[in-house]
> 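To start, I am sharing the structure in question, which I have written as structure tokens.
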Amino acid sequence: MVNLTAAEKTQVTNLWGKVNVKELGGEALSRLLVVYPWTRRFFEHFGDLSTAEAVLHNAKVLAHGEKVLTSFGEGLKHLDNLKGTFADLSELHCDKLHVDPENFRLLGNVLVIVLARHFGKEFTPDVQAAYEKVVAGVANALAHKYH
Amino acid sequence: MSLTKAERTIIVSMWNKVSTQADSIGTEALERLFASYPQTKTYFPHFDLHPGSAQLRAHGSKVVAAVGDAVKSIDNISGALSKLSELHAYILRVDPVNFKLLSHCLLVTLGTRFPADFTAEAHAAWDKFLSVVSSVLTEKYR
């Protein structure tokens, strides 16, 4: 469960309302693969990921990034029950995708940085703090069903 | 882990821009650190940590000045930060996990202020550079 004050919840949803999920999702996932190249291990079937340029323009990466961020956005509507919301996805990531949950934390960090880039000053320390709680909550929810 | 030539070039050239806002970047990174990771405040019981406090500004300056020293001696970060490394190992003893947290907040601060310069490659280079700095600062811990 994530411990957000009412003010923090408002800050989170207000900012999210301005997010272009397709653009930021693609940017977040592609940056994950560029900044932490070992994460490419999960996407060998996406084609050319050999250089930063290739990653940043890879259509499959960008499409998948949009999918991931759309799902994240859904989670923001259920901040009081992230574990329930992401239960099925958690099982999928454990049983079928075999993704180390550390990767959820890495992606969360990259997402915060992408938000910072896009919103500049508006991404104040308080807004960041609220989002850090959210990304940590989502990462924990996605790890919750691991066994 | 060591920085490639390309990575060093990115860091050094971005630093020219970054250094013009060095003090406020340091202060902002610390504010972000304390807001997002309140446990980090336990290292500063003796400070007034309100945003804008003189102590916060002075300390933010110090931190970014040290980063600047590492940039200026990017081929020998270990040598440049040797004294700081000893300080952290024997006196300050900040738990190593906190270097990741401050590094993250520095990246966020750079992202908000230099969105165009902070490309994916620059992001990767800075993440790696700060990781090297963190390693140097903790290398004498035990």
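Quick note: numbers below take in every heavy atom, side chains included, and nothing from hydrogens, waters or symmetry partners. This is a predicted model, so every value here is computed, not measured. Every chain is numbered from 1, with letters handed out A, B, ... down the list of sequences.
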> Does A:Asp88 CG have over 12 foreign heavy atoms under 6.0 Å away?
no

> For B:Lys128, is the NZ atom crowded, meaning more than 12 foreign heavy atoms sit under 6.0 Å from it?
yes

> Looking only at non-hydrogen atoms, find the nearest pair between B:His104 and A:Asn109 and report the distance.
CE1-O, 3.4 Å

> Applying a strict under-4.5 Å side-chain criterion to I, L, V, M, F, W and Y, I'd like to know whether B:Tyr43 and B:Val63 cluster together.
yes

> Tell me, side chain or backbone of B:Tyr37 under 4.5 Å from chain A's heavy atoms, or both, or neither?
side chain

> Name the member of A:Lys121, A:Lys133, A:Arg117 that forms the most heavy-atom pairs with chain B at distances under 4.5 Å.
A:Arg117

> Identify the two heavy atoms, one from A:Leu56 and one from B:Glu121, that lie closest to each other, and give their separation to 0.1 Å.
CD1-OE1, 4.4 Å

> Count I, L, V, M, F, W, Y as connected when their side-chain heavy atoms are under 4.5 Å apart, and connections chain through other members. Are A:Val61 and A:Leu97 then in the same cluster?
yes

> Within a 6.0 Å radius of atom NZ on A:Lys9, are there more than 12 heavy atoms belonging to other residues, nucleotides or ligands?
yes

> Can you confirm whether more than 12 heavy atoms, excluding those of B:Lys17, are under 6.0 Å from its NZ atom?
no

> Between A:Glu132 and B:Ser36, which heavy-atom pair has the shortest distance, and what is it?
CG-OG, 3.2 Å

> Could you state the interatomic distance from NE2 (B:His123) to CD (A:Glu27), rounded to the nearest 0.5 Å?
9.5 Å

> Are B:Ile10 and B:Phe129 connected in a single hydrophobic cluster, I mean Ile/Leu/Val/Met/Phe/Trp/Tyr linked by side-chain heavy atoms less than 4.5 Å apart?
no

> Would you mind checking which part of A:Thr124 comes under 4.5 Å of any heavy atom in chain B, side chain (CB onward), backbone (N, CA, C, O), both or neither?
backbone

> Quick check: closest heavy atoms across A:Tyr36 and B:Asp127, and the distance to 0.1 Å?
OH-OD2, 2.7 Å

> Any side-chain heavy atom of A:Gln128 sitting closer than 4.5 Å to one from B:Glu31?
no

> Which atoms form the tightest heavy-atom contact between B:Ala35 and A:Pro125, and what is the distance?
CB-O, 3.9 Å

